[in-house]
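Structure first, then comments.
Below, read A as the first sequence line, B as the second, and so on, with proteins coming before strands; counting in each chain starts at 1. Side chains included, hydrogens not; waters and symmetry mates left out as well; all remaining heavy atoms used.
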Amino acid sequence: MQDPTTQLSIAFSKAIVAAFGEEYAAIDPLIKPSGNPKFGDYQANVAMSLAKRVGDNPRNVAAKIVDAIDTGDWGEKLEIAGPGFINVHLKTDYLISQLAAVATDEHLGVDQASGGKVVVDYSGPNVAKEMHVGHLRSTVIGDAIARVLAFEGYNVIRQNHLGDWGTQFGMLIENLIDAGAGADTHISDLKTFYQDAKKRFDDEPEFKDRARKRVVALQGGDEKTLELWGKLIDESKRHFNHAYQLLGVLLTDDDIRAESFYNDKLPEVITALEDAGKLKESQGAKVVYPEGFKDEEGNPFPMIVCKSDGGFLYATTDLAALRYRMNDLKADRIVYVTDSRQSQHFAMVFQTVNQCHWRPDNVQLDHVAFGTVLGPDRKPFKTRSGDTVKLIDLMEEAVNRAAGVIAEKTSDLSEDDQKNVARVVGIGALKYADLSSDRIKDYVFDWDRMLALEGNTAPYLINAYVRIQSIFRKGEIDVATVDASKIQLGEDAEKTLALKLLQFGSAVQSVASSLEPHRLCTYLYELASGFHSFYEKCPVLKDGVEPDIKDSRLALSALVARTLKEGLNLLGIDVVDRM
RNA sequence: GUGCCCGUAGCUCAGUUGGAUAGAGCAACGGACUUCUAAUCCGUAGGUCGGUGGUUCGAAUCCACCCGGGCAUGCCA
């Protein structure tokens, strides 16, 4: 379906062609929702920029567009204001028919892509290492992006690039053996397991020696060693899946394509680079020189793909993974969700596949970079003792703190319900805090702020949803019985809400193209805020409300609830019916 | 040294890719509860958008140069 922005863009484009000629068909009419109601519902800002091209003053240009436009069933009134803004007042009937169309659309007015396959690479924890706060962002942001793209109609392939290979596995396997690796061994705490192995590797020469030999055995494909290695992976997956389940992300074992998956493809990468004429030698290592990268002396800056001892590096693995995703998975777009410290690395990897002409023209590569989670001291978030914060601990604390907030409020919820609300609100708050600010920036972690009922937080949004559920519960009304075509927009608060509801599609669309989930958060916050204003001003069930007004407000509320629920779902956040 | 990113109210953040008087929340102050749940709403106050130039009808947004801060900079990932 066409939202107002799309519909107006088409009408304005036609008017521009009618007024100035076919050569202006590609001009963007610059339609935006008006920031201020006194400037109408939407505005077209095209007249000012067009004025120079057609050699006329902007207000004349605006007048010609207004004369030529067919306002069809949507335009109530068009006004020219200021230097040449065209302010559009929409017909109420049009808004209502649009609301009805959105309400009957299972995608709530989100345009569906005509196919296309997108690989989203996210989370990527390391085997035998505890997931920590550093994994939160990749996992949460990546999951939201995967959900949004799937909702847009893309075929989304999630890829969890587990770190399951490398020299550290020598010490980890030896440590596992010493811990008594039996068939039913469980590692209760990955963090101490890893730290213990590391400490022994540093302190015990005998252990270090065994670890080195074990690496050779692993790389040589020794059966017993591979079995132990597999044990480590299974144990780690058990931990990861527990975290994913509590966090509520989509990742499953089927999404795992670990580093080791690419082991047998690494020699091909080197051969292919050689065939492309891009493989060079430098100080005994094999390297490529991606264009545009220079070292401190201004010389070409290498990316090492094969060490002087013959070993491969993560650049090699990433090239192999990229080739696999383009050639075997047939992806049209490949999205990497990692922290911004890897920006240069990915820029070099992407540049390399471009230079080798490995990337088909239609394939788009994106590095979705994000900043660091900071503590109150504005330094990377750590525990009091200076340790990294375990992801599990973070989630447990979120739930506990949410439970504390709930307990403060009087509530008739059962104990089980309270637990569930604490889980949904706590985890939702944690994820929303991570998603709601521009991902490229670092953000300051603050429990009180993310759990606050005011402001741009998950609890505030969930509360708006809960209030709507409360209305239907109180009125004993089945949501399925409301009819959006019966909506009336008599009050300003109702109209504001209606306009906001119609913008869900473009909000989702802008996340799909920019890969910035915070845009959806901003939208949902404005929607929830608009609902709360409406809730204050526009009684629904109270005495004295005419039946048709009541039905209208119920329909409006129902659509807000659906939009909030769907929007939060796209962010990977649940709702509850009462809190 | 070089490259990338960031700098907006006391604090935490938005700002729809160049549009109208830069917006929220917190904190401060003043209002609204026999309630469809006050877990909310309404109002007041708070700004040299790091700085200086430039581009143009118009700049927080684009370009240049500075100032601060973060990150990355060949054989870890």
Distances for protein N/O vs nucleotides 8-12 of chain B N/O pairs under 3.5 angstrom?
residue : atom : partner : partner atom : Å
B:U12   : OP1  : A:R378  : NE           : 3.4
B:U12   : O2'  : A:R449  : NE           : 3.4
B:U12   : O2'  : A:R449  : NH1          : 2.4
B:U12   : O2'  : A:R449  : NH2          : 3.0

What nitrogen or oxygen pairs link the protein and nucleotides 57-60 of chain B at under 3.5 Å?
residue : atom : partner : partner atom : Å
B:C57   : OP1  : A:K52   : NZ           : 3.4

Write out a two-atom table: protein N or O, nucleotide N or O from nucleotides 44-47 of chain B, distance below 3.5 Å.
none

Identify all pairs in which a protein N or O lies below 3.5 Å from an N or O of nucleotides 49-51 of chain B, and state each distance.
none

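Between A:D574 and A:K565 there is no salt bridge, since none of the side-chain N atoms of the basic residue sits less than 4.0 Å from a carboxylate O of the acidic one. Under 4.0 Å is where a charged nitrogen must lie from a carboxylate oxygen, and between A:E274 and A:K286 no such pair does.
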* Asked: Which is it for A:S533 and A:T496 under the side chain to side chain contact (heavy atoms under 4.5 Å, CB included) test, yes or no, and what are the steps along the way?
  -> CA-CA 10 Å; A:S533 297; A:T496 303; over 6 Å; no
* To do: Given salt bridge (charged side-chain N to carboxylate O under 4.0 Å, His left out), test A:E476 with A:K474 step by step and report yes or no.
  => CA-CA 5 Å; A:E476 296 181 342; A:K474 192 101 173 179; over 6 Å; no
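Between the CD atom of A:E454 and the P atom of B:G25 there is a distance of 10 Å, rounded to whole Å. Following rounding to the nearest Å, A:Y525 (OH) and B:U16 (C1') show an atom-to-atom distance of 17 Å. One can place NE2 of A:H532 at 13 Å from P of B:G25, the figure rounded to the nearest angstrom. One atom, CD of A:Q43, and another, P of B:G19, lie 9 Å apart when rounded to the nearest Å. Spacing between atom CZ of A:R439 and atom P of B:C6 amounts to 11 Å, rounded to whole angstrom units. Following rounding to the nearest Å, A:L461 (CG) and B:G25 (P) show an atom-to-atom distance of 14 Å. Taking atom CD1 on A:I440 and atom C1' on B:U17, their separation rounds to 16 Å, with Å as the unit. What separates CG of A:L453 from P of B:A39 is a distance of 8 Å, to the nearest Å.
Contact annotation for A:N87: base contact, defined as any heavy-atom pair under 4.0 Å involving a base atom. Residue A:N463 is classed as a sugar-phosphate contact, given heavy-atom separations below 4.0 Å to backbone atoms only. Using a 4.0 Å heavy-atom criterion, one finds that A:A81 contacts the bases of the nucleic acid, with or without backbone contacts as well. Residue A:S343 is classed as having no contact, given no heavy-atom separation below 4.0 Å to the nucleic acid. A:K550 comes within contact range of no nucleotide atom at all, as no heavy-atom separation falls under 4.0 Å.
The salt bridge (Lys or Arg N to Asp or Glu O under 4.0 Å) pairs that include a residue from residues 520-546 of chain A are A:K500-A:E526, where partners are two or more places apart or lie in different chains. Counting only residues at least two apart or on different chains, the salt bridge (Lys or Arg N to Asp or Glu O under 4.0 Å) pairs with a member in residues 436-448 of chain A are A:D446-A:R449. Counting only residues at least two apart or on different chains, the ring pair (Phe, Tyr, Trp, His ring centres under 6.0 Å) pairs with a member in residues 448-474 of chain A are A:Y460-A:Y525, A:Y460-A:H532.
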* Structure fact -> Given protein heavy atoms under 4.0 Å, the one-letter contact record of nucleotides 70-77 of chain B, with B base, S sugar-phosphate only and - none, is simply -SSSBBSB
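The stretch residues 429-438 of chain A comes close to RNA chain B through A:S437, A:D438, each having a heavy atom under 4.0 Å from the strand. Scanning residues 537-544 of chain A for heavy-atom distances under 4.0 Å to RNA chain B yields A:C538, A:P539, A:V540, A:L541, A:K542.
When the nucleotides B:U40, B:U37, B:U17 are ranked by their closest atom to the side chain of A:K32, B:U17 comes out on top.
Using modelled atom types, one finds a donor on one side chain and an acceptor on the other under 3.5 Å when comparing A:D548 with A:Q488. A:D318 and A:Y262 form no side-chain donor-acceptor contact under 3.5 Å, judged by distance and modelled atom types alone.
Shown here, B:G50 is classed anti by the O4'-C1'-N9-C4 or O4'-C1'-N1-C2 angle, which is more than 90° from 0.
Where pairing requires Watson-Crick or G-U contacts shorter than 3.5 Å, the helical stems of RNA chain B with at least three consecutive pairs are B:1-7 with B:67-73, B:10-13 with B:23-26, B:28-32 with B:40-44, B:50-54 with B:62-66.
Crowding of A:R473 atom CZ: a count of heavy atoms from other residues, nucleotides or ligands under 6.0 Å exceeding 12.
Residues satisfying the side chain to side chain donor-acceptor pair (under 3.5 Å) test with A:R59, not counting sequence neighbours, are none.
Stacking between A:F85 and B:G19 is absent: the aromatic ring centre is not both under 5.5 angstrom from the base six-membered ring centre and within 30 degrees in plane angle. Taking a centre distance below 5.5 Å and an interplanar angle below 30 degrees as the stacking criterion, A:Y460 does not stack against the six-membered base ring of B:A39.
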